Student: 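This is the structure, below, for whatever I ask next.
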There are 2 protein chains.
Amino acid sequence: MLIGELSRRTGVSARLLRYYEEQGLLGTRRDANGYRTYSNDAVVTVRQIRALLAAGLSTDVIRTVLPCANGDQPKLDMCPQLVRTLTDELAAMDGRIDTLRQARGTLAAYLPES
Amino acid sequence: MLIGELSRRTGVSARLLRYYEEQGLLGTRRDANGYRTYSNDAVVTVRQIRALLAAGLSTDVIRTVLPCANGDQPKLDMCPQLVRTLTDELAAMDGRIDTLRQARGTLAAYLPES
DNA sequence: CTTGACCTTGACACCGATGTGAATGCTTAA
DNA sequence: TTAAGCATTCACATCGGTGTCAAGGTCAAG
């Protein structure tokens with residue numbers, strides 16, 4: 001599929017899809033004419049990117065993590081640096097989850113319905 | 001205490017403390033000489049600000065929420081707008097927590113120790 | 001062959017949010 | 001008196017976009 005269709009299917013502007021590619025988050029193949037061509041998987045990938053960004057991960061981390069999440073190469077090239085990144089990010093996630101849950105509890109106490 | 005001491009005690013730069021004041025997150029009294037003066041509570045408040053920011057809350061929301069979290073006025077001036085803000089934020093928090101937990105699960109599967 | 005929709009790159013500029021740097025000057029303590 | 005510490009102010013940086021323009025290539029339908 002071309003970029004316009006992917007945009008329509010994901011609700012993400014073509015502009016932003018090109019931006020994600022530029023940031024190394026979204027791989028593309030090119031047709032002979034130079035057009036970006038996407039597989040159906042791209043729809044899922046774009047949704048993942050959006051979800052992870054919404055969750056507060058940086059594009060840097062997402063770039064590192066996405067190839068694994070997509071199962072492209074499971075555990076294979078687990079160089080120490082990647083393991084470090086993932087471990088650090090997991091710890092940060094746990095921290096954020098804790099903080100959010102705590103803040104949530106504090107706030108909920110001030111509302112009639114939790 | 002003066003801003004330098006608060007900075008040392010919280011690990012937050014004086015510059016950033018002034019910024020938080022400018023954003024309405026951190027109240028200050030002034031000495032006759034114009035110097036900012038902080039109570040011991042300010043240390044706690046700054047930590048709260050940092051934690052909530054780290055958890056992904058905006059300064060806008062924190063500004064609304066902090067007076068309650070500090071118990072300054074519990075439930076008193078619960079105007080509908082404030083309830084709306086808090087309710088919305090709780091929902092958003094739940095969403096972020098879900099996304100993070102899911103991402104965490106996906107990532108953890110790729111690491112030997114979870 | 002033309003038209004119109006769709007694609008390409010590259011650039012420039014702007015936004016809001018969260019900070020950070022640095023210049024310049026006043027106040028206080030040693 | 002001198003240095004540390006405080007003050008204000010303007011400006012810049014980064015991140016994650018977003019809009020828009022220019023100048024052009026591609027393709028299917030009529």
Side-chain angles (χ1 to χ4, degrees), chain A residues 1-39 42 45-66 85 89 92 95-96 99 103, chain B residues 1-39 42 45-66 85 88-89 92-93 96 99-100 103:
Chain A
M1 107 192 57
L2 299 182
I3 198 170
E5 189 181 343
L6 180 59
S7 172
R8 256 169 272 125
R9 290 223 254 162
T10 58
V12 173
S13 71
R15 180 71 174 76
L16 192 45
L17 291 174
R18 293 195 190 98
Y19 174 74
Y20 286 155
E21 178 183 355
E22 188 188 322
Q23 299 300 310
L25 303 183
L26 188 57
T28 53
R29 283 169 297 114
R30 298 300 183 113
D31 268 349
N33 53 18
Y35 286 15
R36 290 170 179 83
T37 313
Y38 301 92
S39 66
T45 303
V46 170
R47 291 202 212 288
Q48 285 176 327
I49 293 172
R50 298 261 68 195
L52 292 173
L53 280 172
L57 273 67
S58 69
T59 53
D60 267 5
V61 172
I62 296 175
R63 177 170 34 252
T64 307
V65 151
L66 262 189
T85 301
E89 199 51 39
R96 282 200 289 274
T99 304
Chain B
M1 99 193 64
L2 298 182
I3 198 169
E5 189 183 343
L6 181 58
S7 171
R8 256 169 273 122
R9 290 223 254 160
T10 58
V12 173
S13 73
R15 182 70 178 78
L16 193 44
L17 292 174
R18 294 193 191 99
Y19 172 75
Y20 287 156
E21 178 184 355
E22 188 189 321
Q23 299 301 307
L25 302 183
L26 188 58
T28 54
R29 283 168 297 114
R30 298 297 185 114
D31 267 349
N33 53 16
Y35 286 15
R36 291 170 178 83
T37 312
Y38 301 92
S39 67
T45 303
V46 170
R47 291 203 212 288
Q48 286 176 326
I49 293 171
R50 296 261 69 194
L52 292 173
L53 280 171
L57 273 68
S58 70
T59 53
D60 268 5
V61 172
I62 297 174
R63 177 170 35 251
T64 306
V65 151
L66 262 191
T85 301
D88 291 358
E89 200 50 41
M93 275 183 190
R96 282 200 289 274
T99 304
L100 277 174

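Naming convention: chains lettered A, B, ... in sequence-line order (proteins, then strands); numbering from 1 in each chain. Here the structure is a predicted model, which is why all the values come from computation and not from measurement.
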Student: With a 4.5 Å limit on heavy-atom distance, are the side chains of B/Leu57 and B/Met93 in contact?
Tutor: yes
Student: Any side-chain heavy-atom pair from A/Arg96 and B/Arg96 closer than 4.5 angstrom?
Tutor: no
Student: Find the distance A/Leu57:CG to D/dG17:C1' and express it as a whole number of Å.
Tutor: 17 Å
Student: For B/Ser13 and C/dT20, is the shortest distance between a side-chain N/O and OP1 or OP2 below 4.0 Å?
Tutor: yes
Student: If you measure from CD1 on B/Ile49 to CG on B/Leu26, what distance do you get to the nearest 0.5 Å?
Tutor: 5.0 Å
Student: Which residues pass the salt bridge (Lys or Arg N to Asp or Glu O under 4.0 Å) test with B/Arg30, not counting sequence neighbours?
Tutor: B/Glu21
Student: Return the value, rounded to whole Å, for the distance between atom CD of A/Glu21 and atom C1' of D/dG17.
Tutor: 16 Å
Student: What's the CG-C1' distance between B/Leu25 and C/dA17, to the nearest Å?
Tutor: 12 Å
Student: Using atom CE of A/Met1 as one end and atom C1' of C/dC6 as the other, report the distance to the nearest whole Å.
Tutor: 16 Å
Student: Rounded to the nearest 0.5 Å, what separation is found between the CG atom of B/Leu2 and the OG atom of B/Ser7?
Tutor: 12.0 Å
Student: In whole angstrom, give the distance that lies between atom CG of A/Leu53 and atom C1' of D/dG17.
Tutor: 10 Å
Student: If you define the side chain from C-beta out and look only at heavy atoms, does anything of A/Thr10 sit under 4.5 Å from A/Tyr38?
Tutor: no
Student: Would you say a side-chain N or O of B/Arg50 is under 4.0 Å from OP1 or OP2 of C/dT18?
Tutor: no
Student: Looking at B/Tyr20, does any N or O in its side chain come under 4.0 Å of the phosphate oxygens OP1/OP2 on C/dG19?
Tutor: yes
Student: How does protein contact run along nucleotides 3-15 of chain D, one letter per nucleotide 5' to 3', with B for base contact, S for sugar-phosphate only, - for none, heavy atoms under 4.0 Å?
Tutor: --BSSB-BB----
